[in-house]
Amino acid sequence: MWCKKSFIYKFKNFFNLTIQKKYSVIASVLENANIGENAEGWVKNLRVQKELIFADVNDGSCAQKLQIIIPKELKTDALTYGSSVHIRGKLSKSPRGQLELVAENVKVLGPCVVLDGYPFNPRTTHPPEYIRQYIHLRSRTNFLSSILRVRSSVTKHIHDFYSSKKYLNVHTPILTSNDCEGAGEVFKVQPDCEDTIKAMMQDGKDKDTVYFGSKTYLTVSGQLHLEAICRGMGNVYTLGPTFRAENARSRLHLSEFYMLEAELAFCYSLEQLQNHIEELLKYIFIETRHTNEADLSLIDKENSKPPAWLQKKFATLTYDEAQDILKKKKVVNTENGLNKEQELALVDYCNGAPVFIVRWPKDLKSFYMKECQDDNTKVEALDLLAPITGEIVGGSLREDDYDRLKSKLPSDKLNWYLELRKFGNIPTGGYGLGLERLLQTMCGITNIKDTLPFPRWPHNCSM
Ligand SMILES: NC(=O)C[C@H](N)C(=O)O
């Protein structure tokens, strides 16, 4: 008996073993490993017995490890936990039906001298805050590698979702002269090259504007650019880095994060926008459970079951209703809007399920949001609140009345944005979804700094 070619192909990339022969193996075993005679990867665990050594090797492509049986005579001192290895051997089935590789040759490619300061060991479950101290070595841990695999899959599912709906994927600029949200939390960009500055200063510019002719920032949102494309080509989305110069070091803030933003053409109601966001979120959750089940459980055992809310429709509360609920629950706030405690209290009120908060007071939201027709103190805005993070999505219908938008425009520099309403304008609505917060909610990750390989936050950008 031997495996069908298509079957081998399907699992080829699960584990980086070279396929040289066809073996009779059980399907459930093959699901987590490829077949072959050569294994390359890192030793995740080593158990030395009288005659044999058992090494669990992982190559980073999946959560599962391949057990390697090493006859004692092949052991070298360099073969330790954490070392990288190339092993040649014969695949066989263990008495428990698991695929394992019986080594014939063991080559240690990169020794790992544990006593020389290697911070991880296989007998300890290191807490995330400990692992975070070793940003450059974090990908050696099961915890972070599972998260990075989930992140990679989520990105793929996002693109699949929009692609199936024929949305155009565009790259909005990172350098921009607008502060879309108007909150002033921007990073300024200037050249740091004496020759360029000297040459360009002769034009009589100041340092801030010498290069582009106007103050330039790292983008806080691609929305305004997306709106420009949407008004010429229909549905669009972008997934890219965004930057916020907030002095925030909380478990929910980063100076650089990835935001998924979409703009829906011919969007006439907030409900239309809400249905689309709900469909997107459920799609990503369900697909990721299929592709990364083992990773999700490894990150947090609680993830072994899908969240009950995946089967239900998300609740919707108006901002005023939400305030009434919070008053009754005595979760009050001295500032305007909702603080984190209140957001999470509202999720709790909805039995731990995501909930839309709609129809926000105009003065709490940005200039581009459409006024509610029946109440000009409110705008057609939504926040989606989710477990663990609170706000995960922010969106709105866009103001499409030229004069009203003109009266609210924060700066002449946005005249181009106003002009979009002049030529073949259409009603649109859009949203931004924080990728890292989505991962927090999906995986049960308390600290946002554990959702990406190289987090940036105040005083932390040293590599
Ligand atoms: N595209 C969006 O609607 C996101 C919004 N500009 C924000 O940054 O929250």
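Order of appearance sets the numbers: ligands from 1, and atoms from 1 within every ligand.
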Would you call the rings of Y130 and H126 parallel, tilted or perpendicular, where under 30° means parallel and over 60° means perpendicular?
parallel

Side chain to side chain contact (heavy atoms under 4.5 Å, CB included) filter on L452, not counting sequence neighbours, yields R151, L254, E436, P455

Could you list all the ring-ring contact (aromatic ring centres under 6.0 Å, His included) pairs where at least one residue sits in residues 418-455, not counting sequence neighbours?
H276-Y431

Which protein N or O atoms sit under 3.5 Å from any N or O of ligand 1? Give each pair with its distance.
{"residue": "ligand 1", "atom": "1 (N)", "partner": "E261", "partner atom": "OE2", "Å": "2.6"}
{"residue": "ligand 1", "atom": "1 (N)", "partner": "Y431", "partner atom": "O", "Å": "3.3"}
{"residue": "ligand 1", "atom": "3 (O)", "partner": "Q223", "partner atom": "OE1", "Å": "3.4"}
{"residue": "ligand 1", "atom": "3 (O)", "partner": "R398", "partner atom": "NH2", "Å": "3.0"}
{"residue": "ligand 1", "atom": "6 (N)", "partner": "E181", "partner atom": "OE2", "Å": "2.6"}
{"residue": "ligand 1", "atom": "6 (N)", "partner": "S221", "partner atom": "OG", "Å": "3.0"}
{"residue": "ligand 1", "atom": "6 (N)", "partner": "Q223", "partner atom": "OE1", "Å": "2.7"}
{"residue": "ligand 1", "atom": "6 (N)", "partner": "Y368", "partner atom": "OH", "Å": "3.4"}
{"residue": "ligand 1", "atom": "8 (O)", "partner": "E181", "partner atom": "OE2", "Å": "3.2"}
{"residue": "ligand 1", "atom": "8 (O)", "partner": "R244", "partner atom": "NH2", "Å": "3.2"}

Lys/Arg-Asp/Glu bridge criterion (N-O < 4.0 Å) met for R244, E181
no

With sequence neighbours excluded, what pairs up with T216 under the side-chain hydrogen bond (donor to acceptor under 3.5 Å, both in side chains) test?
none

Checking R398, H225, Q223 against E263 for side-chain hydrogen bond (donor to acceptor under 3.5 Å, both in side chains), the one that qualifies is R398

